[in-house]
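Note: hydrogens, waters and symmetry copies are ignored here, and every other heavy atom, side chains too, is used.
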Amino acid sequence: MSPNHRQSDVVNALRCFAIVFLLYQNVISQDIEPRRWSPIPLGTHVLGAGYSYTSGDVFFDPLLQAENVEIRAHSLVVSFVQPFKVRNKLASISLLVPFSAADWSGLLSGEPASVNRTGFADPRIRTSILLIGPPAGNALELQQYKLENPTYTTFGVSLAVTLPLGEYFEDKLLNLGGNRFVFRPQVGMIHYWGKWSFELTSSVFLYTRNPDFFNNAERDQRPTFAMQTHLVKQLRGGAWLSLSAGYGLGGQSVVNRQPNGDFRSNLLMSASYSFLIAKRQGLKLTYIRSEALQDIGSNTNNFILAWFISF
């Protein structure tokens, strides 16, 4: 094989793994989160910790000569939520810090190849406010509002910011951190009737430029648009069950002003079950299935176990 052919294979291999990682980040960013807009009483603090396992297949343009690519990722997440009052409106601020270990393996030009990364990913801070719904109040006041209004609707807006603080090395193609900010404005609503609720949320992900991408390149990404919906049933003893669906499209990456052709469109389906294990502690079990709707994309399974405590 000539040196030019070897160099071409290396470039294709690097581009393949770049798209693998971008696909993985895209799936993780489109989280399925039932009860996102549920009112949190003033004076309550919520601390959570979770573990997730993601596995699945990734599909590429045949010209890239990447076949049988699989992803395996383990993630630990710590989160904290604090409600507060804006005039008479309920608001909250939350912080999420993830730690991940991810493996990608497959065939590049017919030869086995794999990559592993372990470290902190980019943390996320989010603030939200309920513009329509119960007024700001403590637990007793919110409970009284629900008793007086068995059917009601909430509407809220939020802004999440992903901070470029995760592990990142400009001399490596794959990193757990993105070395860029991600802004995620979001609007959503919940309609409650008795023990049931229906939720609908829409989001857009806006990415800043990464000026220190691999091989002295610059990387941009087009916006990603996403929508998710949930049907939730309140059960006895503070437990609840939800069925969810989400859809996302867009997010094509651009390196040195050259589009990568990795436009994404994927469907997410999810089921969650949450229950109390003590007066103020609980567990949540979640399964998420992601299906690619384009020739380039990924099919993944995600299993999540989360613990939370309010104090």
Side-chain angles (χ1 to χ4, degrees), residues 23-38 40 46 48-57 71 73-79 81 92 94 96-98 100 102 121-124 126 128 154 156-160 162 182 184-192 196-205 223-235 239-251 264-275 282-294 297-308:
L23 288 168
Y24 168 67
Q25 287 187 320
N26 193 64
V27 169
I28 296 303
S29 67
Q30 293 178 30
D31 55 346
I32 291 285
E33 187 178 357
R35 306 189 72 187
R36 164 70 186 87
W37 306 99
S38 295
I40 301 177
V46 182
Y51 163 78
S52 70
Y53 173 69
T54 302
S55 64
D57 302 313
I71 183 172
H74 303 266
S75 298
L76 298 175
V77 176
V78 176
S79 64
V81 183
S92 67
S94 63
L96 182 148
V97 180
S100 297
D122 291 333
R124 185 188 71 192
R126 179 168 59 195
S128 63
T154 67
V157 296
S158 72
L159 176 64
T162 300
V182 181
R184 181 188 182 186
Q186 191 174 62
V187 297
M189 57 78 68
I190 306 180
H191 179 69
Y192 295 90
W196 291 88
S197 62
F198 171 78
E199 307 176 24
L200 183 65
T201 299
S202 61
S203 309
V204 58
F205 297 81
T224 299
F225 301 92
M227 181 170 289
Q228 56 182 271
T229 183
H230 313 274
L231 182 63
V232 182
K233 173 66 180 299
Q234 193 72 36
L235 306 175
W240 55 268
L241 178 69
S242 70
L243 296 176
S244 309
Y247 176 72
L249 75 162
R264 309 169 186 99
S265 175
N266 58 287
L267 177 68
L268 288 81
M269 305 296 291
S270 175
S272 295
Y273 174 59
S274 177
F275 58 95
L283 294 176
K284 184 172 75 170
L285 305 173
T286 300
Y287 168 72
I288 302 174
R289 173 66 180 178
S290 176
E291 289 281 346
L293 303 181
Q294 299 285 334
S298 60
N299 294 341
T300 60
N301 296 296
N302 194 331
F303 300 90
I304 302 172
L305 171 64
W307 165 85
F308 59 89

Could you report the tightest heavy-atom contact between [X] and [Y], atom names first, then the distance?
| X | Y | answer |
| --- | --- | --- |
| R124 | A160 | CD-CB, 4.0 Å |
| A292 | N299 | N-OD1, 2.9 Å |
| S128 | W37 | CB-CZ3, 4.2 Å |
| R126 | S158 | CD-OG, 4.2 Å |

Below 4.5 Å, heavy atoms only, C-beta onward: do [X] and [Y] meet side chain to side chain?
| X | Y | answer |
| --- | --- | --- |
| V232 | L241 | no |
| I190 | S38 | yes |
| V187 | T201 | no |
| S202 | F225 | no |
| L293 | L267 | yes |

Point-to-point distance, once rounded to the nearest 0.5 Å, from [atom1] of [X] to [atom2] of [Y]:
| X | Y | atom1 | atom2 | result |
| --- | --- | --- | --- | --- |
| F308 | L283 | CZ | CG | 7.5 Å |
| S290 | L268 | OG | CG | 4.5 Å |
| L200 | H191 | CG | NE2 | 13.0 Å |
| R36 | S203 | CZ | OG | 8.5 Å |
| H230 | I32 | NE2 | CD1 | 5.5 Å |
| S55 | N302 | OG | CG | 8.5 Å |

N/O donor-acceptor pair under 3.5 Å between [X] side chain and [Y] backbone:
| X | Y | result |
| --- | --- | --- |
| T224 | F205 | no |
| E199 | R35 | yes |
| N266 | L249 | no |
| Q228 | E33 | yes |
| T300 | T54 | no |

key: Distance-only donor-acceptor check, side chains S242 and Y273, under 3.5 Å   =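 Note: S242 and Y273 side chains miss the donor-acceptor criterion.
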
- Query: Taking the six-membered ring where the residue is Trp, are the ring centres of Y51 and Y53 under 6.0 Å apart?
  - Reply: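 They do not qualify: ring centres at least 6.0 Å apart.
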
message = Using the rule given for side-chain contact (heavy atoms from CB on, under 4.5 Å), can you reason through V97 versus V77, listing the C-alpha separation, both sets of side-chain angles and the distance that settles it, and then say yes or no?
response = CA-CA 6 Å; V97 180; V77 176; over 6 Å; no

Practice prompt. Before giving the answer on side-chain hydrogen bond (donor to acceptor under 3.5 Å, both in side chains), spell out for T154 and Y192 the whole-Å C-alpha distance, their side-chain angles and the decisive distance to 0.1 Å.
Written response: CA-CA 8 Å; T154 67; Y192 295 90; 5.0 Å; no

Worksheet item: Does the pair S100 and S75 meet the rule for a side-chain hydrogen bond (donor to acceptor under 3.5 Å, both in side chains), with working shown?
Response: CA-CA 4 Å; S100 297; S75 298; 2.9 Å; yes

Open item on the list: Using the side chain to side chain donor-acceptor pair (under 3.5 Å) definition, which of the options S272, S52, S274 pairs with T286?
Closed with: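 That would be S272.
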
Holding to side chain to side chain donor-acceptor pair (under 3.5 Å), I want the full list of residues that pass it with W196, two or more places apart in sequence or in another chain.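 Scan of W196 (side chain to side chain donor-acceptor pair (under 3.5 Å), adjacent residues dropped) gives none.
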
message: Applying side-chain contact (heavy atoms from CB on, under 4.5 Å) to L285 and L305, what does each step give before you reach the verdict?
response: CA-CA 5 Å; L285 305 173; L305 171 64; 3.2 Å; yes

